[in-house]
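Along the sequence shown, residues carry numbers from 1. Just the heavy atoms: all of them, side chains too, but no hydrogens, waters or symmetry mates, feed the values below.
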Amino acid sequence: MKLFKKTYWLIYPVLLVLFLFTFDQIYTTENFFLKAGICGVLAFILSPRKKIIQTQTGKIKQITWLFLKKPILID
């Protein structure tokens, strides 16, 4: 989990590139902006979110993701 806490921001660009490569193989179109738009929306939906939560001790950063059961707290 320590590695995920440090590199969670890399998931969005990696998902975008992965979707671009797979979308290019499946659906061949000449319009690059259409491909990039669809892949960008998919990567945004599946990427982790960072929230700032107010607690009694102060503000805490929290990472939530579709594929994680529990949120991860960052100090």
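No continuous path of ILVMFWY side-chain contacts below 4.5 Å connects L18 to I38, so the two sit in separate hydrophobic clusters. Clustering ILVMFWY residues whenever any of their side-chain heavy atoms sit less than 4.5 angstrom apart, transitively, puts I63 in the very cluster that holds L66. I72 and L46 fall within the same hydrophobic cluster, defined by Ile, Leu, Val, Met, Phe, Trp and Tyr side-chain heavy atoms under 4.5 Å apart, directly or through other members. Using a 4.5 Å cut-off between side-chain heavy atoms of Ile, Leu, Val, Met, Phe, Trp and Tyr, with links allowed through other members, F21 and I26 fall into different hydrophobic clusters. V17 and W9 are members of different hydrophobic clusters when ILVMFWY side chains are connected at heavy-atom separations under 4.5 Å.
The side chain to side chain donor-acceptor pair (under 3.5 Å) analysis of residues 30-39, with sequence neighbours excluded, yields the pairs D24-K35. Sorted by first and then second residue, the ring pair (Phe, Tyr, Trp, His ring centres under 6.0 Å) pairs with a member in residues 33-73 read F4-W65, W65-F67; sequence neighbours excluded.
When every heavy atom of G58 is checked against every heavy atom of T55, the shortest pair comes out as O-OG1, 2.7 Å.
Rounded to the nearest 0.5 angstrom, K50 NZ and K61 NZ are separated by 4.5 Å. Distance check, rounded to the nearest 0.5 Å: CG of L16 to CD1 of I11 gives 13.5 Å.
Inter-residue side-chain proximity for T64 and K51 is flagged as met; some heavy-atom pair is nearer than 4.5 Å. Two residues are said to be in side-chain contact when any heavy atoms from C-beta on lie closer than 4.5 Å; L42 and L15 fail this criterion.
Between Y27 and F23, the gap from one ring centroid to the other is short of 6.0 Å.
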